[in-house]
Amino acid sequence: MDKALRRPVIAGNWKMNNTPEQTKALIDALKPLVADADCDVVVCTPYIDLYAALDAAAGSNIKVGAENCHWAAKGAFTGEVSAEMLKAIGVPYVIIGHSERRQYFGETDLTVRDRTRAAVDNGLKVILCVGEVLEERQLGITDEIVRKQTKVALDGIKEEELASIIIAYEPVWAIGTGLTATPAQANEVCAVIRALIAELYSKDAADHIVIQYGGSMNDGNAADLLAQYDVDGGLIGGASLVAEKFAKIVEAASK
Ligand code: PEP
């Protein structure tokens, strides 16, 4: 296996932050800082900011993503946005199954599976989030939980569709808490996910799939996390809201 087979992806998850005007300003600040990146750079914004983000990022190496999408193409789903709608405005990436969606908005492994299917059907690249809560880690069932979440989410996804999937391992206890998994802990679970991909698909699929770590990754700890063999990038919340910090993480991934 060769880590070089996988191009790192550094993605910002802006969560519920920034107006369209602030979006433009942040992307404008980021553009020159990441222009020479040797990794993929993505910023995922609230729906309301997507047009501004696409406009500000046009012509640069920054790609834009949404933070969720619905499984249906259209219909009576007040407040939701479909994958088809994201595709229609030219959004290439979407986060699915983020722990905050699971925790606060009733997202389940099955809805994550259905949203993933819709996103892939519409040609979007999915950043599929999985990860254990603290109690599960303390009970020693992290691998089991992460394997189950990944397996259900990928149910029905064919090997040739895996190029559209990035998996983000995000221990829930590390998200927005300032607690980061150690590089060894992050690598261990990313390796479990990679082994599952080999089991479900093939060794070749496992060698090529991008698996990110997320959970309080910042400009200080990114280099050590990203140096791990099975960690191919990061999904970054808080630190993605500051252009200089996010750019330093991109720089660490580019080495
Ligand atoms: C996230 O929202 O996916 C995340 C990892 O957040 P933070 O970096 O703030 O922990």
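For this chain, numbers begin at 1 and follow the sequence in order. Read the numbers this way: they start at 1 and go in the same order the structure lists the ligands and their atoms. No hydrogens, no waters, no symmetry mates; every other heavy atom, side chains included, goes into these values.
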For S216, the ligand 1 atoms with a heavy-atom partner under 4.0 Å come out as 7 (P), 8 (O), 10 (O)

- Query: Does the N or O separation between K15 and ligand 1 drop below 3.5 Å for any pair?
  - Reply: yes

Here the atoms of ligand 1 under 4.0 Å from any heavy atom belonging to G215 are 5 (C), 10 (O)

Is it true that R194 and D232 have a side-chain N and a carboxylate O under 4.0 angstrom from each other? yes

Below 3.5 angstrom, do we get any N/O pair linking I236 and ligand 1? no

- prompt: Are any of the side-chain nitrogens in K15 or E67 under 4.0 Å away from the carboxylate oxygens of its partner?
  reply: no

Scanning both residues in full, the closest heavy-atom pair of N61 with A35 reads ND2-O, 3.6 Å

Do D55 and K24 sit within salt-bridge range, that is, some charged N less than 4.0 Å from a carboxylate O? no

Atom 1 (C) of ligand 1 sits nearest the protein heavy atom H98 NE2, 3.2 Å

Pair K74 + E80, salt bridge at N-O below 4.0 Å: no

| Within 45° of the six-membered ring axis of F77 and under 6.0 Å from that ring's centre, is NZ or CZ of R115 located there? | no

for atom 5 (C) of ligand 1, nearest protein heavy atom and its distance come out as E170 OE2, 3.1 Å

Do NZ/NE/NH1/NH2 and the carboxylate oxygens of D40 and K63 come within less than 4.0 Å? no

shortest atom 4 (C) of ligand 1-to-protein heavy-atom contact is with G237 N, 3.5 Å

Test of proximity, E100 against ligand 1: N or O pairs below 3.5 Å: no

The protein heavy atom nearest to atom 9 (O) of ligand 1 is G238 N, 2.9 Å

So for S99 against ligand 1, with non-hydrogen atoms under 4.0 Å, the contacting part is neither

Short version for L235: what comes under 4.0 Å of ligand 1, heavy atoms counted, is both

Quick note on ligand 1: atoms under 4.0 Å from a heavy atom of A174 include exactly 10 (O)

Here the atoms of ligand 1 under 4.0 Å from any heavy atom belonging to G176 are 7 (P), 9 (O), 10 (O)

Quick test of your reading of the model: are K151 and D155 salt-bridged, counting only N-O distances below 4.0 Å? no

In terms of heavy-atom contacts, N68 and Y47 come closest through O-OH, 2.7 Å

